Amino acid sequence: MRDLLVFGWGLALGVVAFSLVGGLTAAFVLLERKVSARIQLRVGPLHTGPHGMLQTVADLIKLVVKEDVRPSRADPVAFRLGPLLTAVPAILSLAVIPFGGPLLMRGLNVGVVYFLAVPGMTVIGLLLAGWASYDNYSFLGGLRSSAQFISYEIPRTLAVVAVVMLAGSLNTVDVAAAQQPWPYILLLPLGFVVYMITTLAEVNRVPFDIPEAESELVAGYHTEYSGFRWALFFLAEYGALFAAAAFATLLFLGAGSGPFLPDIFWFVLKTLIVVFLFMWIRWTLPRFRADQLMRLAWKVFLPLSLVNLVLAALVMQAIGPR
Amino acid sequence: MTTATTVLFVVFGVLAALSALYAVLTRYLLRSIVALGAFLTALAGIFYLLAADFVAVVQIFVYVGGIVVLMLFALMLSSSGVRHPTASSDRRSLGSIVAYAVGGMLVWASLRSTLPGMPAALPDSVPYLGRAFLNEQLFPFELIGVILLAAVVAALALVRKERA
Amino acid sequence: MTPVLVLSGILFAIGVFGVLTRRNAITMLVSVEIMMNAANLNLVAFSRLHEPKLMTGQTFAILGIGIAACEAAVGLALILAIYRRFSTTDVDHLDLLKG
């Protein structure tokens with residue numbers, strides 16, 4: 001009986017997480033528009049609500065009530081599955097992030113691997129969406145995204161392995177606790193750089209957004225989508241962005257440690273700073289070409305991440321076993 | 001087993017069996033691969049229930065995030081224009097007889113055998129796994145690296161375009 | 001224990017059925033993966049029964065997943081090579097050696 005209660009509680013938490021990510025997406029879209037406007041010397045959304053703060057809410061309402069358009073030659077099953085399989089893993093991956101306070105979940109002994117593994121399912125969604133649309137731009141976008149994801153997954157995983165070596169645990173709560181004196185960004189600066197750049201590629205953001213490069217592919221895998229399904233792609237993108245930023249906070253920035261205020265405050269603050277960093281990069285740098293992107297992954301980041309592993313081993317020797 | 005574990009085992013088990021069945025029965029290649037993905041995910045859930053949490057995440061990491069994506073990729077490269085169902089087979093009766101025989105034998109054997117009940121699980125499997133891989137299983141562990149390398153080279157050699 | 005073994009037997013039979021009846025190379029690969037996973041399920045289940053601290057079954061399951069990755073990579077490369085040559089992935093059409 002108690003088990004079933006726990007089970008129900010988990011389901012309820014899932015629903016809450018889904019709505020939270022929805023709200024977060026709306027907030028992040030607004031933030032992105034404001035940041036981009038500031039960087040490009042514009043003002044951004046201004047009229048809906050105070051300082052245009054309700055603009056994304058209005059957009060969301062518009063998207064939800066829009067007609068659901070499906071290309072007549074699209075594969076109906078795959079076309080519907082695509083956005084779902086893209087959005088759900090992004091939300092699932094949040095389950096192991098130890099935000100602190102009431103959101104400190106210590107369920108999984110392999111949380112770090114879980115976080116690396118679950119977003120991998122996103123690629124299936126992108127491939128399906130691109131293929132089902134029956135459209136060359138979408139198809140190319142889907143293929144590009146999966147090639148990119150698989151290539152960048154390797155250096156990214158190796159960068160995380162270095163952290164796991166130092167922390168001596170795969171449990172996210174232990175990884176956070178292990179960084180008590182110094183956060184790992186000080187011990188593994190190279191690992192942090194590799195993690196951040198490969199993460200940009202994993203969440204398909206500029207300068208690695210070739211799967212949806214507007215100048216070549218219209219909008220990549222979501223060219224044919226509109227209305228609510230398109231909103232799901234947006235939810236996936238910003239949910240993944242938030243999760244990746246939270247994971248960077250957990251692995252390298254000392255998780256929730258900070259003076260005076262509670263853990264959860266510091267954790268969210270650091271995460272938001274990382275999110276802002278990602279947005280800053282997006283609106284500052286140009287886009288790579290597809291072949292440059294692959295060369296970068298295999299000839300630069302893979303060796304760098306291996307060097308980082310050796311460095312981590314040296315650090316382990318220096319500070320002694322934990 | 002506790003109540004929730006039993007309920008979840010039944011749910012994942014039925015899900016795994018149904019998606020596996022759909023994967024081998026459907027005539028659309030794409031749906032078959034997606035059903036395989038669902039099957040693998042359901043099986044990862046069962047691994048987790050059996051207290052093999054590391055195997056469960058590795059299953060999702062390698063199978064769902066790697067092999068299924070690879071299969072979709074190969075499908076899309078090999079038949080990007082073809083969206084029709086594949087030819088249905090002519091050996092259905094023979095196949096089902098053999099499958100019923102094999103399945104019936106396995107199920108009969110496992111129902112008849114007397115096995116001790118499931119012992120309590122270890123609290124955390126990861127340290128034991130790490131120790132096993134660096135001690136008793138070190139040789140197979142190194143060997144699989146060599147096999148992976150050989151597979152990568154072989155795959156590259158197979159798909160490389162031949163220069164005239 | 002028994003329910004796990006029964007499930008594994010059923011899954012294995014489904015895989016056998018797929019390999020025997022489907023003529024498309026990709027679907028056959030899918031069926032082989034289902035069979036391998038049924039075997040993995042048994043390995044994981046018995047790992048808990050026999051010397052749980054040695055983790056023999058689980059290590060074998062993980063090695064098996066690694067082998068499956070190799071198999072899929074080489075198999076799919078073969079399928080692509082065959083497709084280039086014959087423009088089909090249906091194994092019944094690969095009959096160059098027929099007299």
Side-chain angles (χ1 to χ4, degrees), chain B residues 13 16-17 20-21 23-24 29 32-33 36 39-40 43 46-47 50-52 55 58-59 62-63 66-67 70-71 74-75 77-78 86-87 89 91-92 94-96 98-99 102-103 106-107 110-111 115 117-119 121-122 125 128-129 132-133 136-137 140 144 147-148 151 154-155 158-159, chain C residues 1-24 26-27 29-31 33-34 37 40-41 44-45 47-49 52-56 58-63 65-74 76-81 83 89-90 92:
Chain B
L21 208 59
V24 300
L29 284 180
S32 167
I33 296 175
L36 178 73
F39 163 75
L40 296 167
L43 215 60
I46 293 181
F47 287 159
L50 289 171
V55 183
V58 165
Q59 168 102 349
V62 178
Y63 260 119
I67 296 180
L70 204 63
M71 282 181 160
L75 168 72
L77 285 181
S78 72
T86 53
S89 68
R91 266 161 278 203
R92 194 151 269 200
L94 174 75
S96 43
V98 176
V102 170
L106 286 171
V107 171
S110 35
L111 282 180
L115 288 160
M118 200 66 105
L122 297 169
S125 65
Y128 296 102
L129 262 181
F133 269 127
E136 296 88 9
Q137 312 283 347
I144 195 120
I147 295 177
L148 273 169
L158 276 172
V159 293
Chain C
M1 195 71 208
T2 314
V4 181
L5 295 186
V6 170
L7 177 67
S8 149
I10 293 171
L11 293 177
F12 192 83
I14 293 173
V16 169
F17 178 76
V19 171
L20 288 178
T21 57
R22 305 312 306 254
R23 298 329 312 158
N24 187 289
I26 293 180
T27 330
L29 198 60
V30 166
S31 311
E33 298 292 353
I34 292 175
N37 273 281
N40 269 354
L41 181 57
V44 169
S47 169
R48 218 166 123 180
L49 202 64
K53 287 200 171 160
L54 280 183
M55 289 280 160
T56 319
Q58 287 195 30
T59 50
F60 261 72
I62 291 172
L63 293 176
I65 291 173
I67 299 273
C70 300
E71 173 221 313
V74 177
L76 290 169
L78 261 176
I79 292 172
L80 276 188
Y83 179 77
T89 51
D90 192 327
D92 278 353

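Note that this is a predicted model, so its numbers are computed, not measured. Letters A, B, ... mirror the listed sequences (proteins, then strands); counts begin at 1.
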Proximity breakdown for [X] and chain C, heavy-atom pairs closer than 4.5 Å:
X	answer
B/Ile147	both
B/Leu21	both
B/Leu158	both
B/Ala52	both

To the nearest 0.5 Å, tell me how far C/Leu41 CG sits from B/Leu50 CG. 6.5 Å
Distance check, rounded to the nearest 0.5 Å: B/Leu70 atom CG versus C/Leu76 atom CG? 5.0 Å
Contact leader toward chain B among [options], where contacts are heavy-atom pairs under 4.5 Å:
options	answer
C/Leu11, C/Thr59, C/Ile10	C/Thr59
C/Val74, C/Thr2, C/Val16, C/Leu63	C/Leu63
C/Val44, C/Ile34, C/Leu80	C/Ile34
C/Ala69, C/Gly15, C/Ser47	C/Ala69

Name of the residue among B/Val62, B/Leu129, B/Ile144 meeting side-chain contact (heavy atoms from CB on, under 4.5 Å) with C/Ile62: B/Leu129
Considering all heavy atoms of both residues, which atom of [X] and which atom of [Y] are nearest to each other, and what is their separation?
X	Y	result
B/Ser32	C/Thr27	OG-CG2, 3.8 Å
B/Ala99	C/Phe17	CB-CB, 3.6 Å
C/Cys70	B/Ala151	CB-CB, 3.6 Å
B/Leu148	C/Gly66	CD2-O, 4.3 Å
C/Gln58	B/Ala51	NE2-O, 3.9 Å

Choice from [options] maximising heavy atom contacts with chain C below 4.5 Å:
options	value
B/Ala16, B/Ser125, B/Ala154	B/Ser125
B/Leu94, B/Val58, B/Leu43, B/Ile46	B/Leu43
B/Val55, B/Ile33, B/Leu40, B/Val98	B/Val55

Side chains of C/Asn40 and B/Gln59, donor plus acceptor under 3.5 Å: no
Indicate whether the side chain of C/Glu33 and that of B/Tyr63 have a donor and an acceptor atom separated by less than 3.5 Å. yes
Please state whether the side chain, the backbone, both or neither of [X] comes within less than 4.5 Å of a heavy atom of chain B.
X	result
C/Ala61	side chain
C/Thr56	both
C/Phe12	side chain

Indicate yes or no: at least one non-hydrogen side-chain atom of B/Val24 is less than 4.5 angstrom from one of C/Val30. no
